[in-house]
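Comments concern the structure below.
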There are 4 protein chains.
Amino acid sequence: MSEGGPVAQDRLKSFIERIERLEEEKAALLADIKEIYSEAKGTGFDVKTMRKVISLRKMEENDRQEAEFLLDTYLSALGMLERPLAAE
Amino acid sequence: MSEGGPVAQDRLKSFIERIERLEEEKAALLADIKEIYSEAKGTGFDVKTMRKVISLRKMEENDRQEAEFLLDTYLSALGMLERPLAAE
Amino acid sequence: MSEGGPVAQDRLKSFIERIERLEEEKAALLADIKEIYSEAKGTGFDVKTMRKVISLRKMEENDRQEAEFLLDTYLSALGMLERPLAAE
Amino acid sequence: MSEGGPVAQDRLKSFIERIERLEEEKAALLADIKEIYSEAKGTGFDVKTMRKVISLRKMEENDRQEAEFLLDTYLSALGMLERPLAAE
DNA sequence: CTGCCATTTTACCGGC
DNA sequence: GCCGGTAAAATGGCAG
């Protein structure tokens with residue numbers, strides 16, 4: 001440990017500030033999203049249902065990716081199963 | 001508030017103990033599950049893949065229930081949409 | 001009620017897509033933040049402590065904004081603010 | 001390697017189903033616990049505080065068990081325990 | 001011991 | 001204004 005003081009402090013400060021900057025952007029996005037829901041509601045749409053729809057679409061997307069990943073997993077697992085299961 | 005002391009204390013104690021009892025049962029179940037994974041592993045199965053499979057089956061089950069629920073939601077929403085959207 | 005179907009559907013779709021676009025950006029930000037924490041960790045900082053620091057700074061920021069708002073409220077009440085707060 | 005397919009598949013299926021059965025029981029317990037918290041809340045107790053209490057009691061329980069174990073360890077080392085601890 | 005994953009806790013948001 | 005439910009964050013545990 002050639003140095004444990006000011007330099008580390010500066011790095012920490014840098015990390016913190018970078019994160020806080022991104023958190024601000026995130027907060028702005030959340031505000032934007034909220035505004036759109038509000039706008040949609042004003043047009044007569046049901047917010048709860050919209051959230052449900054978006055949630056479902058997201059899940060379907062996840063499932064699709066999951067399926068792809070699973071294929072790899074199975075292929076890999078099959079390779080791994082040939083030997084150990086032979087023990088029986 | 002006719003009484004704010006011993007009686008409330010007893011009720012709280014009762015709630016806490018009921019919860020702790022259930023938590024114990026939960027811990028026992030977790031131990032059982034862990035044991036099965038361990039047993040499966042000893043037989044040559046890959047635990048990570050097994051978890052993946054179970055997770056996927058659970059998601060599919062969730063999706064199925066979700067789909068049913070969504071049908072209701074949509075039917076309901078359609079009933080709700082007739083009027084408000086007419087505003088346009 | 002000139003039309004209660006396709007148009008509403010299009011507007012709904014538009015809302016949904018706008019939200020999903022923002023959600024994607026949000027997810028990207030979350031990933032970025034996660035990466036910074038990871039980087040900081042690799043440099044030897046304790047992530048949990050960093051989160052606490054950021055949380056504290058955020059609370060202080062909120063307090064600061066509340067204090068400013070309160071000040072403005074008082075100044076406004078005294079007619080000492082150039083640009084008055086929005087009428088209640 | 002008399003057989004590397006169907007048998008393994010059956011065993012896997014058996015493991016999976018046993019785990020899923022236990023997971024269901026676990027889910028039921030979680031629901032029960034949730035219900036008790038809800039009931040307690042309806043009686044005027046603060047759920048968050050209750051969770052803290054339970055958490056603390058659990059930690060104390062762990063400490064107590066550790067202390068007991070340590071005591072047994074010492075007693076065992078001194079040959080003062082009827083039923084010795086399992087050999088290392 | 002490190003990283004990943006599950007669980008748990010916290011905060012938010014719409015509804016009543 | 002509170003409540004319930006839902007999504008995010010954080011913590012803890014577990015396998016590798």
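In what follows, chains are A, B, ... by sequence order, proteins preceding strands, each numbered from 1.
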In whole Å, I'd like the distance from the CD1 atom of C:I19 to the P atom of E:dG14.
10 Å
Determine the contact category for B:K41: base if any of its heavy atoms lies under 4.0 Å from a base atom, sugar-phosphate if only primed atoms, P, OP1 or OP2 are that close, otherwise nothing.
sugar-phosphate
Are A:E17 and A:R21 ion-paired here, with the side-chain N under 4.0 Å from a carboxylate O?
no
Please report the distance, rounded to the nearest Å, between CG in B:L30 and P in E:dC5.
19 Å
For F:dT6, does either OP1 or OP2 sit under 4.0 Å from a side-chain N or O belonging to A:K58?
no
Integer-rounded Å distance: F:dG16 P and B:M50 CE:
12 Å
Spacing of B:K52 atom NZ relative to E:dC4 atom P, expressed in whole Å
13 Å
Begin from the C-alpha positions of C:M50 and C:D46 and carry the test side-chain contact (heavy atoms from CB on, under 4.5 Å) through to its verdict.
CA-CA 6 Å; C:M50 286 180 66; C:D46 181 62; over 6 Å; no
In degrees, rounded to 10°, what is the bend between the two ends of the helix from E:dC1-F:dG16 to E:dC16-F:dG1, using five pairs at each?
10°
Do B:F45 and B:V47 belong together in a cluster built from hydrophobic side chains that touch within less than 4.5 Å?
yes
Rounded to the Å, how far apart are B:E23 CD and E:dT8 C1'?
10 Å
Along DNA chain F (nearest heavy atom to each residue), the more 5'-positioned of A:S55 and C:S55
A:S55
Establish, yes or no, whether the cationic atom of B:R51 lies under 6.0 Å from the six-membered ring centre of B:Y37 and within 45° of the ring axis.
yes
Regarding B:K13 and B:E20, does a basic nitrogen lie under 4.0 Å from an acidic carboxylate oxygen?
no
Which part of the nucleic acid, if any, lies within contact of D:K26, taking any heavy atom under 4.0 Å across all strands shown: a base, the sugar-phosphate backbone alone, or nothing?
sugar-phosphate
Euclidean distance, atom NZ of residue B:K48 to atom P of E:dC4 [Å, nearest integer]
9 Å
Roughly, in whole Å, what's the span from NZ in A:K34 to P in F:dA7?
16 Å
Atom-pair distance (OH on C:Y37; C1' on E:dC4), nearest Å:
19 Å
Taking only N and O in the side chain of D:R51, is any of them less than 4.0 Å away from OP1 or OP2 of E:dT9?
yes
May I ask you to decide whether D:E68 forms a salt bridge with D:R64, counting only side-chain N to carboxylate O separations under 4.0 Å?
yes
May I ask you to test the C:L29-A:E23 pair for a side-chain heavy-atom distance under 4.5 Å?
no
